[in-house]
Each structure stands twice: as C-alpha cells, then as structure tokens.
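All ligand and atom numbering here is 1-based and tracks the order in the structure. In this text the structure is predicted, and so the values were computed from the model without any measurement.
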Amino acid sequence: MSLLLKSVDDNGVATLTLNRSEARNALSMDMRYALTDAFNAMSTDDAVHCVVLSGGKKFFAAGADIKEMVASTPVDIILREIERHWQVIAKFPKPLISAVNGYALGGGFELAMHADIIIAGESAQFACPEVRLGLIPGGGGTQRLVRAAGKAQAMRYLLTGDFIPAQQACDLGIISDVVPDEKVLESAHTLAQRIAALPPIAVRQIKEVTLAGVEAPLDVGLALERRGTQLMFATEDFQEGANAFLEKRPPEFKGR
Ligand code: DAK
C-alpha cells in the first residue's frame, strides 16, 4: 500500500493524503521521500494549480517516526539530510493548503505549517511535543511558530509541548480557519478550487513575494512587490482579466 495517495481533479487541484494510519501517519524516511517526490513532480506539472495536503479523516500526522529516530546517532541524523526534504515543500511554488483533522504533532505540525493556508476541524490539536521527548523541534517549529504567533505564545507552547486546540490556534493566527470536522476536506477543496481558477502566474507571484518579503526589510519586500506588479503587466492573463471586467463577462485565464 502506498504511503502517499495522490490525485488531481479537472479543476487543477491535487490532493495528497498521508496513508500510514497504523503509525498515525508518522513521517518515516520513506514517507519523506514520497512527499519530496510528489512535491517535485507537482511543481512542474501544469495540470496542478493548487494542492491540498491531508492526513485523512482521523489524524494529520503524529510527527517524525520515533521508532526510526530512537537509535539514531547524530551522524545518522546528519546523513539523513532531512532538511533537504523540508526544503522542497518550503520552496514549493504553488499554493498549498493543509487540511487537518485530529492530531498534527511535532513534525506533523511542522508539515502543516509549511502550507500557505491551514484549515482544521474543530477537534484538531496542534503541538510541538518534542521537548517531552528530550528533543527540540527540528523541522522549523521554533521559527515558524514564533513568526505566526509571536514570542509570548510560541514560548508558552514550545517550552511545555502543550496541545493547542484548533480554535485557539486560529485565534493565535497559527491556522486560517476552523470548520466542523466532517467539512475539513470539502472546505479545503472549495478554497483550492477557487484559487486554482485564478491566474496561475499572479497566484505564484503573490506566494513568492509574500514569503520572501516577510523575511526581508520592508523596503526590500516593497521592491519585490513592485517588480512583481510590473511583471504582471506582461501577462496575457492580466489583459484577459482587465478586458473581461470591462466587457462584463467572466474571464478565461490561460496561465500565459
Ligand atoms: N512515531 C512512530 N510511531 C508512532 C508515532 C510516532 N511519532 N506516533 C504514533 N505511533 C505509533 C504508536 O507507536 C503505535 O504503534 P504500535 O504500538 O501499534 O506499533 C501506533 O502508532 C498507534 O499509536 P497510539 O496507540 O499511541 O495511538 P493513539 O491514537 O492512542 O494516540 C497520538 C495518538 C498521536 C496522540 C500518540 O500516538 C502520540 O502521542 N504519538 C507521538 C507524538 C509525538 O511525540 N510526536 C513528536 C515526535 S518528535 C528533525 C526534524 C524534525 C523532527 C526530528 C528531527 N531533524 C531535521 C533531524 C521531528 C521530531 C518529532 O516530530
């Protein structure tokens, strides 16, 4: 049985589903390779405009595979180069939505936070419980949580490993939306379909400029945005969008 289920619908929405329920979707190295291959393939697949990442209806992912890690030496960990796998997802150029039911813990929470948008069910729970194992978050948890929630809240959860219920995570700005548990995938797909129908070059520019700018001084971010805006005037999709508005008809974007 495949560790990762993949499908692409006619609207350009790809769905990736972690499929290792017997280990609560723990991120084994095989799972990481499967994710890396899938994201690499989707980044150059013109049929894919937006991606929904799910763990299925019961849990998102319980983190790194503790059984694989327990006997590892620091050299084993260095040689695994897990950062290369994270990097492929962090640099994925198309919009990515995490659809979270149940637990998103440790590396599972970090995986969810690699997405641009996180939609969670009302009983979902997020945590960086690494400290309880004698570890620290290693997939960007310390850095992404503090950027999303600010120092006071990030420290409160990083230093205790406490669970963050979905509504609390939403109130703190860590996730985008809370919906009834049974509506998570449907809501993520509805949003993904709306994004997939928009001009893909503009969508990708917004993602790139927003993520690059947030790490840069304001002047640099604004310069990136300015260049991105200027670039859009070279696209056929802008002509189509503007003309469709003026002609009072729906636009037909072509990704050119
Ligand atoms: N790894 C391996 N197996 C896991 C697992 C995990 N993270 N989580 C669950 N399992 C396995 C259990 O061992 C059990 O296996 P069997 O005993 O049946 O063989 C099976 O899944 C079912 O687990 P439970 O019986 O515990 O299931 P429950 O539904 O009762 O509880 C749970 C679900 C998710 C609350 C619980 O399983 C749990 O607390 N799991 C561990 C959560 C956790 O501590 N996660 C953080 C892992 S540390 C790095 C980058 C990143 C990381 C490390 C390094 N580098 C760049 C070097 C990340 C570290 C982490 O994520």
Quick one: does ligand 1 sit under 4.0 Å from the side chain of Leu133, the backbone, both or neither, non-hydrogen atoms only? side chain
I need the atoms of ligand 1 closer than 4.0 Å to a non-hydrogen atom of Gly139, numbered in the order shown. 50 (C), 51 (C)
Ranked by distance from atom 28 (P) of ligand 1, the top protein heavy atom is Arg24 NE, 3.8 Å
Would you call the rings of Phe163 and Tyr103 parallel, tilted or perpendicular, where under 30° means parallel and over 60° means perpendicular? perpendicular
Is a donor from one side chain sitting under 3.5 angstrom from an acceptor on the other, for Gln230 and Arg226? no
Which ligand 1 atoms are under 4.0 Å away from a heavy-atom of Gly107? 60 (C), 61 (O)
With a cutoff of 4.0 Å, is Glu83 in contact with ligand 1, counting heavy atoms of the residue only? no
Looking at atom 52 (C) of ligand 1, what's its closest protein heavy atom, distance included? Ala64 CB, 3.9 Å
Residue and atom name of the nearest protein heavy atom (relative to atom 11 (C) of ligand 1), distance in Å to one decimal: Ala23 CA, 3.9 Å
closest protein heavy atom to atom 56 (C) of ligand 1 is Gly138 O, 3.3 Å
Starting from atom 19 (O) of ligand 1, which protein heavy atom do you reach first, and at what distance in Å? Lys67 NZ, 3.1 Å
Taking all non-hydrogen atoms of both residues into account, name the closest pair between Met42 and Ala14 and its distance. SD-CB, 3.8 Å
For Leu231, the rest of its hydrophobic cluster, which grows through side-chain links under 4.5 angstrom: Ile201, Met232
Would you say Arg132 has more than 12 foreign heavy atoms packed within less than 6.0 Å of its CZ? yes
Just heavy atoms, cut-off under 4.0 Å: does Ala26 contact ligand 1 by side chain, backbone, both, or neither? side chain
At a 4.0 Å threshold, what atoms of ligand 1 neighbour a non-hydrogen atom of Tyr103? 34 (C), 35 (C)
For atom 34 (C) of ligand 1, state which one of Ala62, Ala61, Pro129 supplies the nearest heavy atom. Ala62
Near Gly106, which atoms of ligand 1 are under 4.0 Å from a heavy atom of that residue? 61 (O)
Sub-3.5 Å donor-acceptor pair from the side chain of Asp162 to the main-chain atoms of Tyr157, do we have one? no
Starting from atom 57 (C) of ligand 1, locate the nearest protein heavy atom and write down its residue, its atom name and how far away it is, to 0.1 Å. Ile77 CG2, 3.3 Å
Inspect the surroundings of CZ in Arg249 and state if more than 12 heavy atoms from other residues, nucleotides or ligands are less than 6.0 Å away. yes
Please confirm whether the backbone N or O of Leu5 pairs with a side-chain atom of Ser2, one donor and one acceptor, at under 3.5 Å? no
Those atoms of ligand 1 less than 4.0 Å from some heavy atom in Leu105: 34 (C), 42 (C)
Part of Met69 within contact of ligand 1 (heavy atoms, under 4.0 Å): side chain
In terms of residue, atom name and distance, what is the protein heavy atom nearest to atom 18 (O) of ligand 1? Glu22 O, 4.5 Å
Under 4.0 Å from ligand 1, counting heavy atoms only, is it the side chain of Asp65, its backbone, both or neither? both
Once side chain to side chain contact (heavy atoms under 4.5 Å, CB included) is applied, do any residues pair with Ser21, and if so which ones, sequence neighbours excluded? Phe59
Quick check: are there more than 12 heavy atoms from other residues, nucleotides or ligands sitting under 6.0 Å from CE of Met29? yes
Closest to atom 41 (C) of ligand 1 (heavy atoms only, candidates Ile78, Ile66, Leu111) is Ile66
Would you call the rings of His85 and Tyr33 parallel, tilted or perpendicular, where under 30° means parallel and over 60° means perpendicular? perpendicular
